[in-house]
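Below, each value reflects all heavy atoms present in this structure, side chains not excepted, and no hydrogens, waters or symmetry copies.
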Amino acid sequence: MKKLIALLLAAVMCFALCACGQSAAPAPAQEAAPAEEAAPAEAAAPAEKVTLTLMNIWCGADSKTTEWTRIINDFNAEYEGVYEIVVEDQPNYDDYELKMKALVASGDTPDLFTFKGQVLKDYSTSGQLMDLTAFLAKDEIASRFKPGTFNGLDFDGSIYCIPYETAYIPLMYNNKLLEAAGVEVPTSFDELYAAADKITASGVTPLTHVTGGNAWFSQLWFTYCLASVAGEHALELAYDSPEWIEAAELYKTLAPISEADLVGGGTQEANGLFFNEKTAIYVNGTWICGRIANEGVPGLADGLSIGGSLAYNGKNGGGMININQGYLGAARSDDPAHIAAVEAFFEFITRAEQVLPLSKSSGALFSVDYDESQLDPGLQTQILNAGKAASFTINTIQNSMSPQVWGAYLENIDALVLGEITAEQFCQALAAAAE
């Protein structure tokens with residue numbers, strides 16, 4: 001069967017070259033041999049195996065590592081001798097993002113890679129990515145995705161990515177720590193401040209919150225402050241609008257109830273504090289469910305309550321962050337065999353039977369329309385149900401910012417927290433970077 005696939009690929013490649021106006025130099029004319037003396041025709045040589053390099057961030061401590069590795073191995077087995085995925089693991093998220101930006105900018109784009117929504121526009125308009133529009137328009141491919149998956153992803157009528165991992169990013173509360181402090185899950189900022197006083201008195205830090213680690217936790221808390229101030233359309237407002245300034249002021253009030261190394265603290269250290277019940281309130285996405293279960297103290301994953309945005313001045317409570325967390329892209333190529341290999345890989349990883357075990361094992365959610373009722377009861381389904389019941393959903397500020405504005409956020413967020421600049425000055429810096 002594999003030999004037949006290889007023969008068919010060789011024939012398809014030959015036809016494609018001819019169709020593009022390319023042909024081999026004509027052979028010297030020969031006198032036809034008598035029919036009875038004609039040599040038997042030789043079989044066509046099999047096509048050469050196509051090898052693709054995948055820059056792989058789902059490795060190491062990432063909760064998707066085991067099943068994602070299994071998927072890649074299964075692909076290589078199914079297409080043995082035809083296509084092969086060679087993995088280059090990238091365990092440091094921040095370093096990887098910087099590396100990818102440099103590779104795309106220099107024209108050395110990897111064959112296959114993952115990226116976040118913040119660079120979607122820059123990558124899609126770079127001229128370095130493969131146009132996937134025709135592939136995604138195929139009925140058997142388009143029907144695999146949830147409704148609305150591709151809204152807003154086209155640039156000049158073309159789509160250059162596969163939206164793959166999605167996420168709800170809720171507020172998480174450690175019930176045991178809240179009960180020990182004598183408080184309930186807060187639903188407003190006033191209730192949060194009151195609860196924080198009692199949690200602190202019990203010997204626990206209220207919030208998991210740091211500005212380091214590419215400001216991951218910082219921008220999530222800021223997003224929730226903005227959502228509480230301005231609601232679901234907050235990201236449509238100007239950075240120096242009164243609502244953004246008010247949200248920046250609200251964000252500053254979280255500093256006294258956050259962990260000691262708020263300014264510059266690392267993401268992994270912050271995770272460890274919540275996993276080991278040193279902090280009571282946490283914000284992160286569904287992909288972290290597997291790590292909470294595997295790395296947290298026994299019973300942690302089953303002892304969490306899930307919440308959305310906190311009401312502010314009596315409004316905008318119950319919203320939840322909902323994002324496209326991970327996209328897959330491919331380097332632009334004019335080689336039909338290379339394009340076929342990329343499409344075969346994308347076809348394989350978007351099969352529902354591949355995505356379901358990946359989702360179940362990691363806690364992550366995906367844009368592929370697999371049967372979510374098959375997910376195991378627990379934290380993942382608790383978040384999923386809360387997200388579907390949210391009063392509104394909102395993207396993160398990071399995903400909505402250009403790289404220039406995001407750079408201004410990183411440059412100024414510590415100064416805002418430390419009181420070295422005002423909320424208005426902080427927002428003006430964002431607005432200036434957007435010009």
Subject >> Any donor-acceptor N or O pair under 3.5 Å, side chains Tyr160, Thr133 >> reply: no
**OP:** Evaluate the ring planes of Phe75 and Phe348, with Trp represented by its six-membered ring, and classify them as parallel (under 30°), tilted (30 to 60°) or perpendicular (over 60°).
**Re:** perpendicular
**OP:** Answer yes or no: is there a donor N or O on one side and an acceptor on the other, between the side chain of Asp369 and the main chain of Lys146, under 3.5 Å?
**Re:** no
Original post:
Is a side-chain N or O of Ser367 found less than 3.5 angstrom from the main chain of Pro163, in a donor-acceptor match?
Top reply: yes
Subject >> N/O donor-acceptor pair under 3.5 Å between Glu84 side chain and Thr51 backbone >> reply: no
Distance-only donor-acceptor hits, side chain of residues 351-358, under 3.5 Å, sequence neighbours excluded:
from	atom 1	to	atom 2	distance (Å)
Arg351	NE	Glu347	OE1	3.3
Arg351	NE	Glu347	OE2	3.1
Arg351	NH1	Glu78	OE1	3.4
Arg351	NH2	Glu78	OE2	3.0
Arg351	NH2	Glu347	OE1	2.9
Gln354	OE1	Arg70	NH1	2.4

Original post:
How about Ile162 and Tyr327: do any of their side-chain heavy atoms sit closer than 4.5 Å?
Top reply: no
Original post:
Which pair of non-hydrogen atoms, one from Ala234 and one from Ala230, has the smallest distance, and what is that distance?
Top reply: CB-CB, 3.6 Å
**OP:** Find out whether Ser361 and Lys64 are in side-chain contact, i.e. whether some heavy atom of one side chain is under 4.5 Å from a heavy atom of the other.
**Re:** no
Original post:
Which pair of heavy atoms, one from Val50 and one from Ala341, lies closest together, and at what distance?
Top reply: CG1-CB, 3.7 Å
Original post:
How long is the gap from CD1 on Ile257 to CG on Leu192, to the nearest 0.5 Å?
Top reply: 4.5 Å
Original post:
Do Trp221 and Leu226 pass the side-chain contact (heavy atoms from CB on, under 4.5 Å) test, and can you show the C-alpha distance, the side-chain angles, and the key distance before you say yes or no?
Top reply: CA-CA 9 Å; Trp221 280 111; Leu226 185 64; over 6 Å; no
Subject >> Tyr168 and Thr393 side chains, donor-acceptor separation under 3.5 Å >> reply: no
Original post:
When rounded to the nearest 0.5 angstrom, what is the spacing between CZ in Phe426 and CD in Glu411?
Top reply: 10.5 Å
Subject >> Flag side-chain contact, heavy atom, 4.5 Å: Leu120 against Phe155 >> reply: yes
**OP:** Could you tell me whether the side chains of Asp414 and Thr211 share a donor-acceptor contact shorter than 3.5 Å?
**Re:** yes
Original post:
Have Ser373 and Asp371 got a donor and an acceptor in their side chains that come within less than 3.5 Å?
Top reply: yes
Subject >> Heavy-atom side-chain contact between Leu262 and Val417 under 4.5 Å >> reply: yes
Subject >> Note, Glu269 side chain near Glu259 side chain (heavy atom, < 4.5 Å) >> reply: no
Subject >> Minimal non-hydrogen separation, Cys225 against Leu254, with atom names >> reply: SG-CD1, 3.9 Å
Original post:
Using 30° and 60° as the class limits, which term best fits the ring planes of Trp58 and Trp68: parallel, tilted or perpendicular?
Top reply: perpendicular
**OP:** Would you mind reporting whether Leu379 and Ile383 have side-chain heavy atoms less than 4.5 Å apart?
**Re:** yes
Original post:
What's the verdict on side-chain contact (heavy atoms from CB on, under 4.5 Å) for Lys101 and Tyr123, showing C-alpha distance, side-chain angles and the deciding distance?
Top reply: CA-CA 8 Å; Lys101 289 176 183 178; Tyr123 284 7; 3.5 Å; yes
Original post:
Taking the six-membered ring for Trp, is the centroid-to-centroid distance between Tyr83 and Phe345 below 6.0 Å?
Top reply: no
Original post:
Around Lys138, counting heavy atoms of other residues, nucleotides and ligands shown, do more than 12 lie under 6.0 Å from its NZ?
Top reply: yes
**OP:** Taking all non-hydrogen atoms of both residues into account, name the closest pair between Thr267 and Gly212 and its distance.
**Re:** OG1-O, 4.1 Å
Subject >> Spatial distance of atom OG (Ser309) from atom CD (Glu232) [nearest 0.5 Å] >> reply: 10.5 Å
Original post:
Just by modelled atom types, is the Asn395 backbone N or O under 3.5 Å from a matching donor or acceptor in the Asn399 side chain?
Top reply: no
**OP:** May I ask you to check whether Asn174 and Glu277 show a side-chain donor-acceptor distance below 3.5 Å?
**Re:** yes
Subject >> Separation of Leu300 CG from Met172 CE (nearest 0.5 Å) >> reply: 9.5 Å
Original post:
Where the side chain of Asp302 meets the backbone of Gly378, is there a donor-acceptor pair that is under 3.5 Å apart?
Top reply: no
Original post:
Looking at CD of Gln128 and CG of Leu103, how far apart are the two atoms once the value is rounded to the nearest 0.5 Å?
Top reply: 10.5 Å
**OP:** Would you check if there is a donor-acceptor pair between the side chains of Ser63 and Arg291 at a distance under 3.5 Å?
**Re:** no
Subject >> salt bridge (Lys or Arg N to Asp or Glu O under 4.0 Å) assessment of Asp376 paired with Lys360 >> reply: CA-CA 7 Å; Asp376 298 327; Lys360 291 181 69 173; 3.7 Å; yes
Original post:
Hey, are the side chains of Phe115 and Met100 touching, using non-hydrogen atoms and a 4.5 Å cut-off?
Top reply: no
Original post:
Does any donor atom in the side chain of Tyr282 or Asn284 lie under 3.5 Å from an acceptor atom in the other side chain?
Top reply: yes
**OP:** Determine, stepwise, if the pair Leu207 / Thr279 fulfils side-chain contact (heavy atoms from CB on, under 4.5 Å).
**Re:** CA-CA 6 Å; Leu207 301 190; Thr279 55; over 6 Å; no
**OP:** Consider only side-chain N and O atoms of Ser402 and Gln404, and report whether a donor and an acceptor are under 3.5 Å apart.
**Re:** yes
Subject >> Exam field: side chain Thr65 to backbone Gly60, donor-acceptor pair closer than 3.5 Å >> reply: yes
Subject >> Heavy-atom donor-acceptor pair, Ser391 side chain to Gly317 backbone, under 3.5 Å >> reply: yes
Original post:
Quick one: does Tyr224's side chain get under 4.5 Å of Leu310's, heavy atoms only?
Top reply: no
Original post:
What is the distance from atom CG of Leu384 to atom CD1 of Ile306, rounded to the nearest 0.5 Å?
Top reply: 11.5 Å
Original post:
Taking everything shown except Lys252 itself, do over 12 heavy atoms lie less than 6.0 Å from its NZ?
Top reply: yes
Original post:
Is it the case that Asp62 and Tyr93 place a side-chain donor and acceptor less than 3.5 Å from each other?
Top reply: yes
Subject >> Check: Ile85 main-chain N/O paired with Asn76 side-chain donor or acceptor under 3.5 Å >> reply: yes
**OP:** Establish, from distance only, whether the side-chain atoms of Ser158 and Asp131 form a donor-acceptor pair under 3.5 Å.
**Re:** yes
**OP:** Decide whether a cation-pi geometry holds between Lys116 and Trp406; the criteria are a distance under 6.0 Å from NZ or CZ to the six-membered ring centre and an angle within 45° of the ring axis.
**Re:** no
Original post:
Would you say the side-chain atoms of Asn92 pair up with the backbone N or O of Asp94, donor to acceptor, closer than 3.5 Å?
Top reply: yes
**OP:** Specify the closest pair of heavy atoms between Gly308 and Leu171, including all atoms of both residues, with the distance to one decimal.
**Re:** O-CD1, 3.3 Å
Subject >> Any donor-acceptor N or O pair under 3.5 Å, side chains Ser305, Asn175 >> reply: yes
Original post:
Which word best sums up how the rings of Trp216 and Trp287 line up, parallel for under 30°, tilted for 30 to 60°, or perpendicular for over 60°?
Top reply: tilted
Subject >> Modelled atom types, side-chain donor and acceptor of His209 and Tyr251, under 3.5 Å >> reply: yes
**OP:** Grab the two heavy atoms, one from Ala248 and one from Ala423, that are nearest each other, plus how far apart they are.
**Re:** CB-CB, 3.6 Å
Original post:
Ser359 and side-chain hydrogen bond (donor to acceptor under 3.5 Å, both in side chains): which partner among Gln374, Glu372, Gln380, Glu165?
Top reply: Gln380
**OP:** Please test Ile72 against Leu54 for side-chain contact (heavy atoms from CB on, under 4.5 Å), starting from the C-alpha separation and ending with a verdict.
**Re:** CA-CA 10 Å; Ile72 293 171; Leu54 169 66; 3.6 Å; yes
